[in-house]
Amino acid sequence: MNQVDDKLLPILDEVLRRNAGEAEFHQAVREVLESLGRVVAKHPHYLDHALIERICEPERQIIFRIPWVDDQGQVRMNRGFRVQFNSALGPYKGGMRFHPSVNVGIIKFLGFEQTFKNALSGMPIGGGKGGSDFDPKGRSDAEIMRFCQSFMTEMFRHLGEYTDVPAGDIGVGGREIGFLFGQYKRLTNRYEAGVLTGKALAYGGSRARTEATGYGNTYFVQSMLGTRGTDFDGKKVVVSGSGNVAIYTIEKVQSFGGKVIACSDSSGYVVDENGIDLALLKEIKNVRRERMSHYAKRRGDGAHFIASDKGSVWDVPCDVAMPSATQNELSGKDARKLIENGVMAVGEGANMPSTPEAVRAFQEAGVLFAPGKAANAGGVATSALEMQQNASRDSWTFAQTEARLAAIMRDIHDTCHDTAEEYGAPGNYVLGANIAGFVRVAEAMRMLGVI
Ligand code: NDP
């Protein structure tokens with residue numbers, strides 16, 4: 001079992017005390033600290049100047065009120081967050097999540113993870129995350145617009161292309177980014193394209209950004225399978241979720257010859273032994289904004305829907321599992337089921353979707369396991385490419401942008417792989433990702449002095 005080194009335990013204790021009740025943040029910090037024992041044994045200077053303590057403390061946390069008016073004329077109120085975690089490597093960068101479960105602990109965990117992920121991407125970006133406990137489900141376009149405008153009316157003063165550059169996450173896609181950018185432009189009287197990423201092509205977006213997280217995870221898993229002399233061709237794959245990350249994971253896996261036989265949303269999952277019909281899934285999720293059961297109804301024979309209280313998508317036997325919905329969606333029990341059914345590789349498209357117990361089970365069983373902070377970094381890396389295009393007032397082709405994404409994912413894979421070997425844990429991508437990300441941030445922080 002992984003443990004936090006004695007020298008790092010007081011740091012963890014202080015994080016737990018100072019951030020009481022923030023379970024997801026505790027989980028994320030503990031996982032990184034578990035990996036750092038080997039680093040401080042080799043390089044004890046990282047224990048100086050409270051460097052690790054400072055890495056675990058956000059530089060700034062903003063919490064604010066978001067009043068808005070619904071279609072019936074009633075005033076509603078939500079809470080907004082932006083956690084500007086670490087800017088040692090560049091402006092804060094990370095998405096915004098609109099989901100009723102959002103609280104400061106979740107945003108803090110996401111911002112912490114983002115800091116190391118962004119470092120791993122090799123791009124000049126710091127880490128941040130934000131969002132709101134607003135529930136977009138069932139809201140009209142007009143309500144979404146008024147909410148986004150109210151959100152940005154507070155947020156704009158904290159943002160800027162050299163300060164903090166948000167993007168999408170759960171519940172925030174192209175439609176929301178458009179409304180947010182429109183309000184930012186109106187309030188600042190500046191066409192500052194690089195202040196948000198995930199924009200549509202019509203006003204400064206990058207080709208391949210929409211696809212980048214799912215494609216990137218697929219590239220990462222392809223490299224990982226390569227270390228065992230195999231690839232996606234002919235493999236059965238299960239992808240959880242059916243949002244942005246899931247859809248483009250399915251698209252890329254299919255193009256690599258894999259067969260995706262199940263996907264899900266929060267209401268349940270579909271099993272489609274003929275392989276998911278992606279055009280139908282996109283229509284149901286992106287156009288009609290319907291629930292998963294509609295997929296099975298429209299698809300007919302060969303596809304069936306199972307409600308979430310009747311089973312888990314991880315019960316479906318597969319060679320490769322790609323969790324792409326949300327944190328802690330894959331439990332120890334789910335992991336044991338996947339292992340029993342012969343899973344060979346797991347690539348996390350979502351942030352921290354596997355519980356610590358699940359991660360341990362995969363590692364003990366010798367399953368190739370790619371942690372989200374490495375495997376889903378293609379999204380933010382392509383956001384950084386969007387910022388590059390905005391800064392140079394240029395627009396690259398899809399092929400050019402995807403080639404950069406593929407090269408970045410190969411580099412992240414190799415960095416994690418080689419770092420794990422260097423620190424005496426070959427094949428442990430969790431350790432490799434945590435150490436490589438940490439060292440990049442820590443080195444920059446050391447040079448910048450005590451700030
Ligand atoms: P979307 O909102 O597009 O899709 C989220 C999907 O996950 C939906 O199918 C949703 O189902 C499901 N889901 C969300 N919450 C839950 C829950 N509590 N239980 C079960 N299912 C749930 O989000 P994204 O695809 O953008 O994000 C998915 C994950 O990937 C998140 O962890 C995010 O942080 C991570 N990520 C996203 C990046 C991006 O570029 N978008 C970049 C890096 C990571 P339903 O509609 O029923 O709620």
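Residue numbers run from 1 in the order of the sequence given. Atoms within a ligand are numbered from 1 in the order they appear, just like the ligands themselves. All of these numbers come straight from a predicted model, not from anything done at the bench.
- The closest protein non-hydrogen atom to atom 9 (O) of ligand 1 is S242 N, 2.9 Å.
- Proximity of atom 20 (C) of ligand 1 to the protein is indicated by at least one non-hydrogen atom lying closer than 4.0 angstrom.
- Taking a 4.0 Å cut-off on heavy atoms, R291 registers as neighbouring ligand 1.
- With K285 as the fixed residue, the side-chain contact (heavy atoms from CB on, under 4.5 Å) test singles out one of I247, N244, L280: I247.
- Taking the charged nitrogens against the carboxylate oxygens, E283 and R289 have no contact shorter than 4.0 Å, which rules out a salt bridge.
- Not a single heavy atom of G173 lies less than 4.0 angstrom from ligand 1.
- Taking distance alone, with nitrogen or oxygen atoms compared against 3.5 Å, R209 approaches ligand 1 more closely than that limit.
- Salt-bridge check for R336 with E357: passed, with a basic side-chain N closer than 4.0 Å to an acidic carboxylate O.
- Taking atom 48 (O) of ligand 1 as the reference point, the nearest protein heavy-atom neighbour is K137 NZ, 2.9 Å.
- The closest side-chain heavy-atom distance from K129 to I106 is not below 4.5 Å.
- The residue M292 has no part lying near ligand 1, judged by heavy-atom distances below 4.0 Å.
- Taking any N or O of V245, backbone or side chain, at least one lies under 3.5 Å from an N or O belonging to ligand 1.
- Remark: minimum distance from atom 2 (O) of ligand 1 to any protein heavy atom is reached at G171 N, 2.9 Å.
- Geometrically, ligand 1 and S267 share no nitrogen or oxygen pair separated by less than 3.5 Å.
- Judged by the shortest distance from any of its heavy atoms, K285 lies outside the 4.0 Å radius around the atoms of ligand 1.
- The pair E273-K259 fails the salt-bridge criterion, with no side-chain N (NZ, NE, NH1 or NH2) lying under 4.0 Å from an Asp/Glu carboxylate O.
- Ring pair F116/F112 is perpendicular by interplanar angle, where above 60° counts as perpendicular and below 30° as parallel.
- Any N or O atom pair closer than 3.5 Å counts here, and Q327 shares no such pair with ligand 1.
- In D394, the CG atom is crowded: over 12 heavy atoms of neighbouring residues, nucleotides or ligands sit closer than 6.0 Å.
- With a heavy-atom cut-off of 4.0 Å, E329 does not touch ligand 1 at all.
- Proximity of R291 to S266: side-chain heavy atoms (C-beta onward) are separated by under 4.5 Å at one or more points.
- Distances between N or O atoms of K129 and those of ligand 1 include no value under 3.5 Å.
- Between F134 and W68, the ring planes lie perpendicular to each other; the angle is over 60°, past the 30° to 60° tilted range.
- We find that R146 and D70 are not joined by a salt bridge, their nearest charged nitrogen and carboxylate oxygen being 4.0 Å or further apart.
- For atom 38 (C) of ligand 1, the nearest non-hydrogen atom of the protein is T213 OG1, 3.7 Å.
- By the criterion of a heavy-atom distance under 4.0 Å, the backbone of S324, and not its side chain, is placed next to ligand 1.
- Contacts between R97 and ligand 1 below 4.0 angstrom, taking non-hydrogen atoms only, involve the side chain exclusively.
- Atom 16 (C) of ligand 1 has its closest protein heavy atom at T326 CG2, 3.6 Å.
- Around NZ of K252, the count of heavy atoms belonging to other residues, nucleotides or ligands within 6.0 Å exceeds 12.
- Closest protein heavy atom to atom 23 (O) of ligand 1: I170 CA, 3.4 Å.
- At the shortest separation from atom 34 (O) of ligand 1 among protein heavy atoms lies D169 OD1, 2.6 Å.
- At the top of the distance list for atom 31 (C) of ligand 1, counting protein heavy atoms only, stands A325 O, 3.3 Å.
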